[in-house]
Amino acid sequence: MDDQTRIELEAAAFRTLRDHLQKRTDVQNIDMMNLTGFCRNCLSRWYQEAAAERDIVIDKMEAREIFYGMPFEEWREKYQTDASDSQKAAFELSHKDAT
């Protein structure tokens with residue numbers, strides 16, 4: 001497989017992940033962090049960092065809007081719930097060695 005095809009396939013998979021997460025508003029970021037070690041905010045930060053490597057300026061909130069499919073504050077108001085004690089405990093356990 002040539003590099004251009006590989007890049008196009010990776011980009012397509014990435015867009016599919018982004019679109020899937022926009023539809024799965026029931027999945028909270030803390031759940032993603034507990035299971036995978038990354039969340040929508042991580043993806044948006046990686047996108048912002050990739051843009052910066054190419055001298056493209058995208059601020060944090062613009063990058064988040066790309067991954068949330070709407071302004072971040074709007075998503076939070078509509079879909080974000082308070083983390084339960086068990087979610088917080090799982091987060092602490094899964095990230096105790098991350099620092």
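Since this is a predicted model, take the numbers as computed values, not measurements.
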Within the structure provided, determine whether [X] and [Y] are in side-chain contact (heavy-atom separation under 4.5 Å).
{"X": "K78", "Y": "M70", "answer": "yes"}
{"X": "I66", "Y": "L43", "answer": "no"}
{"X": "T25", "Y": "W75", "answer": "yes"}

So which pairs with a foot in residues 5-17 pass salt bridge (Lys or Arg N to Asp or Glu O under 4.0 Å), sequence neighbours left out? D3-R6, R6-E10
Here the salt bridge (Lys or Arg N to Asp or Glu O under 4.0 Å) pairs for residues 18-35, sequence neighbours left out, are R24-D26
Report the distance from atom CD of E73 to atom CD of Q80, rounding to the nearest 0.5 Å. 9.0 Å
Counting N and O atoms only, with roles assigned by atom type, does the side chain of [X] sit under 3.5 Å from a partner on the main chain of [Y], one being a donor and the other an acceptor?
{"X": "N34", "Y": "F91", "value": "yes"}
{"X": "Q48", "Y": "A63", "value": "no"}
{"X": "Q28", "Y": "T81", "value": "yes"}

Can a donor-acceptor pair be found between the side chains of D2 and T5 at a distance below 3.5 Å? yes
Taking [Y] as the starting point, is it possible to reach [X] by hopping between hydrophobic residues whose side chains are less than 4.5 Å apart?
{"X": "L21", "Y": "W46", "answer": "yes"}
{"X": "M61", "Y": "I56", "answer": "no"}
{"X": "M32", "Y": "Y47", "answer": "yes"}
{"X": "F38", "Y": "V27", "answer": "yes"}

Taking atom CG as the centre, does D59 end up with more than 12 heavy-atom neighbours from other residues, nucleotides or ligands that are less than 6.0 angstrom away? yes
Take R40 and Y68, measure what side-chain contact (heavy atoms from CB on, under 4.5 Å) needs, and give me the verdict at the end. CA-CA 7 Å; R40 292 171 184 89; Y68 285 89; 3.4 Å; yes
Which residues pass the side chain to side chain contact (heavy atoms under 4.5 Å, CB included) test with L35, sequence neighbours left out? none
Which residues pass the side chain to side chain donor-acceptor pair (under 3.5 Å) test with R54, not counting sequence neighbours? none
Contacts of S86 that satisfy side chain to side chain donor-acceptor pair (under 3.5 Å) - sequence neighbours left out: S84
Shortest non-hydrogen contact from S44 toward R64: OG-CG, 3.4 Å
Any ring-ring contact (aromatic ring centres under 6.0 Å, His included) pairs touching residues 6-30, not counting sequence neighbours? F14-F67
